[in-house]
Amino acid sequence: MGTQHHITIDVAGMTCDHCERTLAKALREVPWVKDVLEVSYPAALARVTVGAEATPAAIEAVVAKAGYRARVRSMPQPPGAPAFIPGSG
């Protein structure tokens, strides 16, 4: 089993319980989403466990395909990855 990360995704556009279920289903269908911990329209977020192969762009694309806007709050960098310093390039 590879490395897994718990991440939080800010989600815009969910307005009801049906939205929560729609997004949770879309996330569960992605192989590198290991677990959907929470989807909350009042809090406008989703919390998931993902495999090491997941990227912020890929996660945000899954949410967009389900019909919502997303921003991954933070995601651990793989070992040896260069650090991103805002404003450095």
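Only a predicted model underlies this, so the values are computations on that prediction, with no experimental measurement involved.
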Side-chain donor-acceptor pairs under 3.5 Å in residues 32-42, sequence neighbours left out?
unit_1, atom_1, unit_2, atom_2, d
Lys34, NZ, Pro31, O, 3.4
Glu38, OE1, Arg47, NE, 2.9
Ser40, OG, Ala43, N, 3.1

With side chain to side chain contact (heavy atoms under 4.5 Å, CB included) as the criterion, how do Arg73 and Leu45 come out once you've worked through the C-alpha distance, each side chain's angles and the decisive distance to 0.1 Å? CA-CA 10 Å; Arg73 285 189 189 174; Leu45 63 78; 3.8 Å; yes
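Under the 4.5 Å side-chain heavy-atom criterion for grouping Ile, Leu, Val, Met, Phe, Trp and Tyr, Val30 is connected to Leu23 within one hydrophobic cluster.
Taking 4.5 Å as the limit, some side-chain heavy atom of Ile9 sits within range of a side-chain heavy atom of Ile59. Thr3 is listed as a side-chain neighbour of His5, based on a closest heavy-atom distance under 4.5 Å. The side-chain heavy atoms of Val48 and Leu27, taken from C-beta on, include a pair separated by under 4.5 Å.
Pairs passing the side-chain hydrogen bond (donor to acceptor under 3.5 Å, both in side chains) check and including a residue from residues 55-71, sequence neighbours excluded, read Asp10-Arg71.
Partners of Arg21 under the salt bridge (Lys or Arg N to Asp or Glu O under 4.0 Å) rule, at least two apart in sequence or in another chain, do not exist in this structure.
If you take NE2 on His6 and OG1 on Thr49, they are separated by 4.5 Å, rounding to the nearest 0.5 Å.
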